[in-house]
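Working notes, beginning with the structure itself.
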Amino acid sequence: MAVQQLTGEELSERVSAAVPDSVVASADGVLFVEPAKIADVAGFMKSDSRLDFNFLNSISAVDYINYFEVVYHLTSMNKHHTAIVKTRLDGRDELILPSVYHLWRGADFQEREIWDLMGISFSGHPNLKRIMLWEGFDGHPLRKDYL
Amino acid sequence: MPIQTEPMTVNIGPQHPSTHGVFRLRVTFDGEDILEVEPIFGYLHRGTEKLAEERNYTQIVTLTDRLDYVSSMINNQAYCLAVEELIGVEVPQRAKYLRTLTAELQRVASHLMGIGFFLQDLGTLGTPLMYAFRLRERILDLFEMLCGARITVSYMRPGGVFFDAPDDFWPALDQFLKDFDTEYKELEQLILENEIVMVRTRGVSLLPLELAINNSVSGPSLRASGSDWDWRKMAPYDAYDRMEFDIPTATGGDNYDRFWVRIQEIHQSIRMVRQCIQQIEPGPIRADVPLVLRPEPGAEAYGRVEASKGELAFYLVSDGGISPYRCKVRSPSLMNLTTIEHLLVGWKLADMIVTLGSLDINLGEVDR
């Protein structure tokens with residue numbers, strides 16, 4: 001059975017009903033959510049029996065200079081569908097996002113990597129330290145202003 | 001009077017603790033029992049994602065070779081699929097078959113290394129590894145005929161492949177498939193029913209399915225825990241929609257099952273190689289795309305394949321320039337490594353390297 005992508009438009013209604021004030025927009029098949037609500041939204045998408053996103057494919061961060069985008073690729077191995085959830089963090093300093101470690105242990109290394117290379121920290125991650133580079137390294141080299 | 005003991009912390013690595021790359025494990029032992037494990041890596045971090053932001057879309061193919069360097073064809077494939085999604089180009093049929101064929105040969109080569117080093121880690125010094133390498137060598141020779149390189153192949157390009165197979169490639173491939181049957185059977189007879197392998201690996205380092213999924217484990221390690229999830233079936237790419245193959249699964253999730261699933265997957269890969277030979281037809285091998293690509297600003301793609309280690313994906317974001325604005329690699333080896341703590345704690349020193357071997361990680365891909 002082939003995998004279908006659930007678009008942001010399809011997800012938007014259910015997510016905003018379950019987690020109030022969480023959805024910012026939905027466009028191009030992507031669901032945009034408030035950064036402070038990301039763990040709540042992820043928790044709903046994982047536990048809801050119709051969505052059932054039990055597998056976290058990847059977490060990526062993109063530096064857009066004025067803001068950062070963190071992208072979650074999710075899959076439900078039981079329901080055979082995927083989704084893309086994004087959240088936007090304005091500014092460049094003291095960026096904090098709720099961790100999804102407690103939902104998917106697979107977030108462990110990826111959140112550490114984003115902290116290490118992009119400088120976004122995750123509240124609730126039990127072991128948030130550098131992963132590719134060594135402790136004491138200065139800066140976050142995947143940022144656009146690290147040249 | 002009881003003997004006084006205390007836990008002892010030992011650094012294993014950062015040289016090759018087995019032969020899987022530069023990796024370090026900080027392990028606390030109570031005698032021979034493992035109490036705590038901390039994986040430490042990054043020694044092979046080359047900043048591939050940052051480098052990709054400085055190269056054009058075609059040049060990045062060479063960077064992907066150096067991720068999982070025993071599986072470079074499949075890395076090429078994942079990256080090219082992502083770029084093709086980004087620019088919306090259709091790949092010619094012949095190129096799809098050449099890609100599927102080389103990807104499956106590469107999977108065989110990668111699994112042979114996985115199996116060989118797993119047995120090496122068990123203490124079988126040399127013999128099975130050399131049997132595995134004898135076969136892998138033949139595959140690398142075939143790659144050399146295709147593109148001149150054996151490891152860092154850079155054979156694929158966005159839009160297709162770089163070279164068509166030379167005329168003498170097909171007879172050489174046929175000869176390889178003939179020899180494969182007997183030589184692989186020899187290897188299987190040597191290892192599959194081997195009592196020492198069974199006793200050392202059965203029931204060791206169990207990975208329950210729930211935990212595997214929660215830890216984002218994919219590939220053979222996931223299928224050894226009971227899932228039949230395989231992206232070649234779930235979201236077929238290139239010529240996989242026309243391939244008949246089974247997905248070998250096991251239910252125990254122990255070291256033996258992870259090893260066994262790889263052995264069985266090799267049979268399925270060879271089956272697909274044979275189908276590719278039957279189905280491939282003459283035609284163009286590369287779509288007409290410019291050398292320097294400029295995707296639409298804001299376009300993004302998540303190109304994913306079932307690589308030999310699991311789900312390999314490239315998340316590309318374009319700003320309209322000649323290089324990707326962001327090129328993130330979803331590395332199966334890194335994600336599979338998340339389970340290492342669970343797999344090792346409570347087991348013994350002698351099982352440690354074997355368990356690491358059963359995960360078949362590649363540090364080029366973990367560290368990127």
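Order of the sequence lines fixes the chain letters, A, B, ..., with proteins taken first and strands second; residue numbering starts at 1 for each chain.
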Chain B contact residues among [range], heavy-atom distance under 4.5 Å:
range	answer
residues 61-74 of chain A	Ala61(A), Val62(A), Asp63(A), Tyr64(A), Ile65(A), Val71(A), His73(A)
residues 136-143 of chain A	Pro141(A), Leu142(A), Arg143(A)
residues 46-54 of chain A	Lys46(A), Asn54(A)

Side chain / backbone / both / neither for [X] at chain A, heavy atoms under 4.5 Å:
X	value
Lys50(B)	both
Leu51(B)	neither
Pro236(B)	neither
Phe41(B)	both
Leu337(B)	both
Glu210(B)	neither

Nearest 0.5 Å please: distance from the [atom1] atom of [X] over to the [atom2] atom of [Y].
X	Y	atom1	atom2	result
Phe55(A)	Glu311(B)	CZ	CD	5.5 Å
Arg330(B)	Ser60(A)	CZ	OG	10.5 Å
Leu56(A)	Asn215(B)	CG	CG	10.5 Å
Glu113(A)	His45(B)	CD	NE2	7.5 Å
Trp104(A)	Thr338(B)	CH2	OG1	14.5 Å
Met234(B)	Thr75(A)	CE	OG1	10.5 Å

With a 4.5 Å limit on heavy-atom distance, are the side chains of [X] and [Y] in contact?
X	Y	answer
Met132(A)	Tyr43(B)	no
Met77(A)	Leu222(B)	yes
Lys144(A)	Arg326(B)	no

**Study point:** Worked verdict on Ile84(A) versus Tyr302(B) for side-chain contact (heavy atoms from CB on, under 4.5 Å)
**Key:** CA-CA 10 Å; Ile84(A) 306 172; Tyr302(B) 189 77; 5.7 Å; no
Check your understanding: Is there a donor-acceptor pair under 3.5 Å between the side chain of Asn214(B) and the backbone N or O of Leu103(A)?
Key ->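 Checked: pair present.
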Point to revise | Donor-acceptor contact below 3.5 Å, side chain Arg105(A) vs main chain Leu211(B) | key: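 Between the backbone of Leu211(B) and the side chain of Arg105(A) there is no qualifying donor-acceptor contact (under 3.5 Å).
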Exercise for review: Counting only heavy atoms closer than 4.5 Å, note whether Leu117(A) contacts chain B via side chain, backbone, both or neither.
Suggested key: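 Interface part for Leu117(A): side chain.
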Practice item. Measure distances from Gln4(A) to the heavy atoms of chain B and classify the residue's part below 4.5 Å as side chain, backbone, both or neither. Key: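 Neither part.
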Check your understanding: Considering all heavy atoms of both residues, which atom of Leu334(B) and which atom of Phe109(A) are nearest to each other, and what is their separation?
Key ->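 Answer, listing the atom of Leu334(B) first, then Phe109(A): O-CD1, 3.5 Å.
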Practice item. For residues Gly106(A) and Ser216(B), report the shortest heavy-atom separation together with the two atoms involved. Key: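 For Gly106(A) and Ser216(B), the tightest heavy-atom pair comes out as CA-OG, 3.5 Å.
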**Study point:** Partners passing ring pair (Phe, Tyr, Trp, His ring centres under 6.0 Å) against Phe122(A) (at least two apart in sequence or in another chain)
**Key:**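 Once residues adjacent in sequence are excluded, Phe122(A) has no partner under the ring pair (Phe, Tyr, Trp, His ring centres under 6.0 Å) criterion.
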**Study point:** Residue Arg26(B) excluded, over 12 heavy atoms near CZ under 6.0 Å
**Key:**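 Counting neighbours around CZ of Arg26(B), 12 or fewer heavy atoms of other residues, nucleotides or ligands fall under 6.0 Å, so no.
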Exercise for review: Give a yes or no on this: more than 12 heavy atoms of other residues, nucleotides or ligands lie within 6.0 Å of atom CD of Glu135(A).
Suggested key: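 Above 12, so yes.
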Practice item. For the pair Ile114(A) and Lys328(B), evaluate side-chain contact (heavy atoms from CB on, under 4.5 Å) and give the outcome as yes or no after the intermediate values. Key: CA-CA 11 Å; Ile114(A) 291 172; Lys328(B) 143 103 190 187; 5.9 Å; no
Point to revise | Under-4.0 Å salt bridge between Glu38(B) and Lys129(A) | key: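 Yes, charged N to carboxylate O under 4.0 Å.
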